[in-house]
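Written out below as structure tokens is the structure these notes cover.
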Protein chains: 4
Amino acid sequence: MSFASLEPGAGIQGAGRPRSEEVHQAILDATLALLIEVGFSALTVEGVANRAGVGKATIYRRWSSKLPLVIEAFGQLPGFEPVDSGDLETDLKQMLHRYVDAFNSTPLGTVLPSLVGERTHNPELASLFEPVMRERRQPLFDALQRAVERGEIARDLDLERAADLIVGPIAVALFFRGGKINPKRIDPVVELALHGLRPRK
Amino acid sequence: MSFASLEPGAGIQGAGRPRSEEVHQAILDATLALLIEVGFSALTVEGVANRAGVGKATIYRRWSSKLPLVIEAFGQLPGFEPVDSGDLETDLKQMLHRYVDAFNSTPLGTVLPSLVGERTHNPELASLFEPVMRERRQPLFDALQRAVERGEIARDLDLERAADLIVGPIAVALFFRGGKINPKRIDPVVELALHGLRPRK
Amino acid sequence: MSFASLEPGAGIQGAGRPRSEEVHQAILDATLALLIEVGFSALTVEGVANRAGVGKATIYRRWSSKLPLVIEAFGQLPGFEPVDSGDLETDLKQMLHRYVDAFNSTPLGTVLPSLVGERTHNPELASLFEPVMRERRQPLFDALQRAVERGEIARDLDLERAADLIVGPIAVALFFRGGKINPKRIDPVVELALHGLRPRK
Amino acid sequence: MSFASLEPGAGIQGAGRPRSEEVHQAILDATLALLIEVGFSALTVEGVANRAGVGKATIYRRWSSKLPLVIEAFGQLPGFEPVDSGDLETDLKQMLHRYVDAFNSTPLGTVLPSLVGERTHNPELASLFEPVMRERRQPLFDALQRAVERGEIARDLDLERAADLIVGPIAVALFFRGGKINPKRIDPVVELALHGLRPRK
DNA sequence: TCGTAAGCGAGACGGTACGTCGAGTCTTGCT
DNA sequence: AGCAAGACTCGACGTACCGTCTCGCTTACGA
């Protein structure tokens, strides 16, 4: 896995002492802990090294800078978890509830905007980040795909756009407002997305 | 204007040399230029001072740190511009088109995610940022309010939620994908938001 | 003086805050103190900065590396002090006694070999070091010159060689033996240099 | 030989693979080569290991640190070679000529000051270094001893002091001046040491 | 009109973190 | 055991900015 590591050929055991897996995990744990405590921009590699009881060189041997490090630490946090109840509205509501719970109980809501903010000016980060984000959204696409097959939503719908419509309000709340998301607002958001703003005849 | 300045009472001219307005603007210009070139996290006050041909103290005399400085520079960029055609769908499409044009032709799309990313861990930034963001969204609310009055959309609708639904896809595209937004995708997004995902009977 | 400083034009007061003379001296003092305590090779710029209560940048602003810094600190230690009694043997014995006292009571005997050892591989150091050493030996030459004029020693003598003969044993003791020099050995050394090894008829 | 090695009892062959003699020599060769190229203070054990194609542990298994390693490498360089012509002046001139040739054609002149400079602050180095230096000077003492027995020089002369007088000018040239020694200056130096500075009657 | 208080560019100041390098130790698999 | 390779902790390197602080000017006001 370790998508952000600098290992030339993962799994191939070359000469010399192999990299310690405990150390790897200790660094990621320390990174997450510090992200929660001080946030991304106040996070220092030196601080991570101290917290993990590790030399700075050991961190730089694995990650070229604090960004890929934080991304890999971030990758340990939960994304969308698949739900398949046979009904789109139920699927969406349950998935969003779980996701929002994760946002409110982990540093996810804190870390994600930081990474997103850097992405614009850091092509390296962007290319590391993209597959992670895609993987996280996949269960949402799957649920929409199943709904198309069941005839619940229009056949010719662009699923990308549809997914944007559903997670959009969460993104807005996350990025433009407090960060914390009120779970009570999820159901109306899903209903709105499914039914549209116009009054039903 | 200069909401973030340290001036005790603007307009009250005490003894001594008054602050130069050219210098003030030169600093903001340099800040915007550097935000475009290197992004928020690589922006240094030292760099701004050099670019503006100004001493560092002159900057700190006006802004307590680089954050309020950047926010004020950001405040010079355009937000939503009011459109009132008498029809919600037209209003929304025109406003979004103009806004997206601004995103694609100014550093807005570059600067906004950077600021948003810092906001989470910086309460000072958050409180400075919030009124700026609110002001920017206001024309969108106004358009929705007029639509409610015209009976175009449901009376009992939470307008905050409705606005989120409309700008949500833009936010997703901005933060989770490339940054650049394809203007062709605006109309479908508005239509989707107004009609919902479900197939019309 | 400050022969090793990086100042472009000494004495010319350019723009900006001038460099603090107290800081300059505090750094030199700390350097000398640490040279005595830990020696040259264990001396770190970081340690000097801490001891002097100064930032590292303040040191590097004045000296390009620890070598010129140490040389300037070393320059504050005493060299030969002129003695003119009218008799060469008396002059030499008194000057050497004072010099050896300085060696045994200051870090001179500790610092000098360190600098000399680096000199070989560091042309920059060599060129900084040479005038300092020349200045230190000058009183010795002067005494020999006066002795030539008084007819005490041969007219055609190469004074460089003569000076080498006199300080040579000190150098040997310093570099090849313990570093500390026994003052009792000075008088015989001077007599030997003046009279030679061969038995007088 | 290898006076500085950590071997408990040389020649006693314990269990396991014996230490490779080629490796030992390759390390010493690499050390000398690097001493010449970059000097003592820029010499790194890592560099020696790379140059010798050897693991760092292999070096530390034999030498406790880079100091004894460098001293043993230094020990491979030539010292005074005995000359016995029956005449002191001839002996001294020939021995000094050969020694100075060695200085000018081997890294001796480069390495010796480096080691001497470290010696002051490194007691371990000092105790390793002392017997090596003593051994090198021995032929000089022997020549002086023979001259005493032949009545060429005074019976009550302190030979240590006499030796210092002879090699002193070389030490001065080596440590205080360029490092390179002009062979033409040797004969006058010897004559000066033997006859003294005072004009002969 | 002239002093004086503040603004100004410049850049030194004490700090903190950067990313690199080497020291000396430890851990692999191979010989 | 020895050995090459290379990861490990630790600590210093020299650099870059931070936000603060003098400097010697300049600029407009108010006495």
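Proteins come first, then strands; the chains are lettered A, B, ... in the order of their sequence lines, and each starts at number 1.
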Rounded to whole Å, please give me the gap between [atom1] in [X] and [atom2] in [N].
X       : N      : atom1 : atom2 : answer
D/Asn50 : F/dA5  : CG    : P     : 8 Å
C/Glu46 : F/dC10 : CD    : P     : 16 Å
C/Glu21 : F/dC23 : CD    : C1'   : 16 Å
C/Arg61 : F/dC17 : CZ    : C1'   : 12 Å
A/Trp63 : F/dA7  : CH2   : C1'   : 14 Å

At a 4.0 Å cut-off to heavy atoms of chain D, the contacted part of DNA chain E spans E/dG22 to E/dT31
Residue whose nearest DNA chain F nucleotide is more 5′ - A/Ala52 or A/Lys56:
A/Ala52
Criterion side-chain contact (heavy atoms from CB on, under 4.5 Å) against C/Val45, the qualifying member of C/Thr31, C/Ile59, C/Asn50, C/Ile27
C/Ile59
Look at A/Arg17 and F/dA5 and indicate whether a side-chain polar atom (N or O) is within less than 4.0 Å of OP1 or OP2.
no
Whether D/Arg62 contacts F/dC3 is assessed here as follows: a side-chain N or O lying under 4.0 Å from the phosphate OP1 or OP2. Is that the case?
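Checking F/dC3 against D/Arg62, a side-chain N or O does come within under 4.0 Å of OP1 or OP2.
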Contact class for [X] (heavy atom, under 4.0 Å): base, sugar-phosphate, or nothing?
X       : value
A/Gly47 : nothing
D/Ala57 : base
A/Thr58 : base
D/Ser20 : sugar-phosphate

I need the full list of salt bridge (charged side-chain N to carboxylate O under 4.0 Å, His left out) pairs touching residues 46-56 of chain C, with sequence neighbours left out, sorted by first then second residue.
C/Glu37-C/Arg51, C/Glu46-C/Lys56
If you draw the axis of the six-membered ring of B/Tyr60, does the NZ or CZ of B/Lys66 fall within 45° of it and under 6.0 Å from the ring centre?
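Not flagged: B/Lys66 not positioned over aromatic ring of B/Tyr60.
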Test log, rule side-chain contact (heavy atoms from CB on, under 4.5 Å), inputs A/Phe74 and A/Leu77
CA-CA 6 Å; A/Phe74 170 74; A/Leu77 296 176; 4.1 Å; yes
Determine yes or no for a side-chain-to-main-chain donor-acceptor pair under 3.5 angstrom, with D/Thr58 supplying the side chain and D/Val54 the backbone.
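No; zero donor-acceptor contacts below 3.5 Å.
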Are side-chain heavy atoms of A/Phe40 and A/Val70 found at a separation under 4.5 Å?
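In short, these two side chains touch, coming nearer than 4.5 Å.
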